[in-house]
Amino acid sequence: MAQRVQGTEDLFGGYMRAWQHMQDTAREVFGAYGFDLIETPAIEQVATFVHGIGESTDVVRKEMFRVYSGALVDQLLQKGSEEGLKAKQRLALRPEGTAGVVRAAVQNNFVPQGGAPVKLWYAGPMFRGERPQKGRLRQFHQVGVEWLGAPDPASDAECIIMLMRYFERLGFAPESLKLAINSMGDASCRPAYRRKVREFILEHAEEMCDDCLERAEINPLRAFDCKNAHCREVMAGAPLAPNNLCDECAEHYAQVKRYLDEAGVSYVEDPTLVRGLDYYTRTVFEVEVEGAGVGAIGGGGRYDGLMELEGGKPTPGLGFAVGFERIALALQAQGVNLAGDEPECVYVACTPDVRPAVFGVTLALREAGIRTEADYQGRSLKSQFKQANKLGAHVCVVLGPDEVAAGVATLRNMSTHEQEQVPLDELVARLS
Ligand code: HAM
């Protein structure tokens, strides 16, 4: 039997309805904030991710699925290296949505210099070659937003508020949501802070793992996220980002917090929150669900340098993404059914001798937008009723020779078993 790829899932039935519900809710909540839907390709040039997410991140170095056409694979195997390939031949499945949306914004000039900000949201599959486990997949689904062209700290706060409202609308108990925020500084204060953290790691070299020593050279801030508990203990004494901000970044952070306070959004400041993607500047945030054991259900932040990294004009930006599979798990743990009820339907049952009469009735009901089922396997009337119950039909339209002769249908209420007759030409209006 053919097998699904490890770390991927089939979305169908209630799980699919849950994913659709997440998108419908996003359209409503984000729509009220002025966000429009965008869809960018699931494959992009490797360079788009390397420039944006950062060459030294785990996402780019270890987790990105690279894509080559069949003809190129032969060439690569012969050569043994990617050297000589053009940028347009070096492709990858997107590990996240931000880099692609920003690439699209640059290419289509969404935010001309001096133009109004652009607000976009998206939903779709993302791909990361991580070790699969609960809530960690190789193909997972994100809903995300990107807000381009807004430097104002009010936009950071509104983005966070919108995210928290979205989680509440999906059914999370507000007190179970743990929002952590931090500021990582910008191009003027972060380089000096990175150097300080690097020096700190090197001063504690004998206590740190090999990975952290490597991080000290390529991406020292990632040491705050080391899986090794001892490294994290040591890093608790490291210089912290909020204490190393320039005046502008400190003021921006203070204003974001003021707006969040004004909106009554509770948060904890986590000065070690660094996120796994390099494009962030200033505000970063992440949300976890108390006791769910699935890691972050969403995260994001500001990325004022990303448009330039993707070849555009300097343009501020910010956004977030949430993970469908983790949200589904966390809501399930809180007893919330994200899938909702199965859609209602009407079943048209008949005695086998009048089967042709069913055809026109189902057609008319469906054209009126009523979800309608019927039998296509020559089942007996009794087993058609059983099938109708299985499908959750509240009403059966029953046709037999007497009904057909009289131009009526019998309506059978499937819970009370009460029956009544309705003229066929009134059926659609009645069932609507
Ligand atoms: P991220 O934190 O890497 O941010 O991912 C966002 C969310 O996607 C996570 O909080 C998690 O719920 C989900 N997620 C990530 N990796 C996996 C996985 N392997 N399996 C299941 N779920 C996963 C970003 O992707 C940024 N692009 C967010 C952003 C948008 N920042 C600014 N704009």
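Just follow the structure's listing: the first ligand is 1, and inside any ligand the first atom is 1. Treat the numbers as computed from the prediction; the structure is a model and nothing was measured.
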Does any N/O atom on [X] come nearer than 3.5 Å to any N/O atom on ligand 1?
{"X": "Arg128", "value": "yes"}
{"X": "Ile297", "value": "yes"}
{"X": "Gly323", "value": "yes"}
{"X": "Tyr303", "value": "no"}
{"X": "Phe140", "value": "no"}
{"X": "Leu137", "value": "yes"}
{"X": "Gly298", "value": "yes"}
{"X": "Tyr122", "value": "no"}

*Looking only at non-hydrogen atoms, which of Gly319, Gly144, Gly299 approaches atom 28 (C) of ligand 1 most closely?*
Gly299
Among side-chain atoms of [X] and [Y], is any donor-acceptor pair under 3.5 angstrom?
{"X": "His252", "Y": "Asp186", "answer": "no"}
{"X": "Thr48", "Y": "Arg94", "answer": "no"}
{"X": "Asp278", "Y": "Tyr303", "answer": "no"}

Among all protein heavy atoms, pick the one closest to [atom] and tell me residue, atom and distance.
{"atom": "atom 24 (C) of ligand 1", "result": "Leu277 CD1, 3.6 Å"}
{"atom": "atom 6 (C) of ligand 1", "result": "Gln142 NE2, 3.3 Å"}
{"atom": "atom 26 (C) of ligand 1", "result": "Tyr279 OH, 3.3 Å"}
{"atom": "atom 27 (N) of ligand 1", "result": "Glu96 OE1, 2.5 Å"}
{"atom": "atom 30 (C) of ligand 1", "result": "Thr98 OG1, 3.0 Å"}

*Measure from NZ or CZ of Lys257 to the centre of the six-membered ring of Tyr253 and say whether it is under 6.0 Å with the direction within 45° of the ring axis.*
yes
*Measure the acute angle between the ring planes of Trp19 and Phe324, then classify it against the limits of 30° and 60° as parallel, tilted or perpendicular.*
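Answer is tilted, since the angle falls between 30° and 60°.
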*Could you check whether the rings of Phe30 and Phe320 sit parallel, tilted or perpendicular, using 30° and 60° as the cut-offs?*
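Taking Phe320 first and then Phe30, their aromatic rings stand perpendicular (interplane angle over 60°).
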Run the numbers for me: atoms of ligand 1, each under 4.0 Å from some heavy atom of [X], listed by number.
{"X": "Arg275", "answer": "1 (P), 2 (O), 4 (O), 28 (C)"}
{"X": "Arg136", "answer": "19 (N), 20 (N)"}
{"X": "Gly135", "answer": "20 (N), 21 (C), 22 (N)"}
{"X": "Gly300", "answer": "31 (N)"}
{"X": "Glu130", "answer": "16 (N), 18 (C), 19 (N)"}
{"X": "Ala296", "answer": "9 (C), 10 (O), 11 (C), 12 (O)"}

Taking 4.0 Å as the limit for heavy-atom contacts, which would you say applies to [X] with ligand 1: side chain only, backbone only, both, or neither?
{"X": "Phe324", "value": "neither"}
{"X": "Glu146", "value": "side chain"}
{"X": "Tyr280", "value": "side chain"}
{"X": "Glu325", "value": "neither"}
{"X": "Ile327", "value": "neither"}

Within 6.0 Å of [atom1] in [X], more than 12 heavy atoms from elsewhere:
{"X": "Glu55", "atom1": "CD", "result": "no"}
{"X": "Phe12", "atom1": "CZ", "result": "no"}
{"X": "Glu262", "atom1": "CD", "result": "no"}

First locate atom [atom1] of [X], then atom [atom2] of [Y], and finally report the distance between them rounded to the nearest 0.5 Å.
{"X": "Phe127", "Y": "Gln139", "atom1": "CZ", "atom2": "CD", "result": "4.0 Å"}
{"X": "Ser155", "Y": "Leu318", "atom1": "OG", "atom2": "CG", "result": "4.5 Å"}
{"X": "Glu96", "Y": "Arg128", "atom1": "CD", "atom2": "CZ", "result": "6.5 Å"}
{"X": "Leu221", "Y": "Arg275", "atom1": "CG", "atom2": "CZ", "result": "13.5 Å"}
{"X": "Lys134", "Y": "Glu325", "atom1": "NZ", "atom2": "CD", "result": "13.5 Å"}
{"X": "Tyr193", "Y": "Leu240", "atom1": "OH", "atom2": "CG", "result": "5.5 Å"}

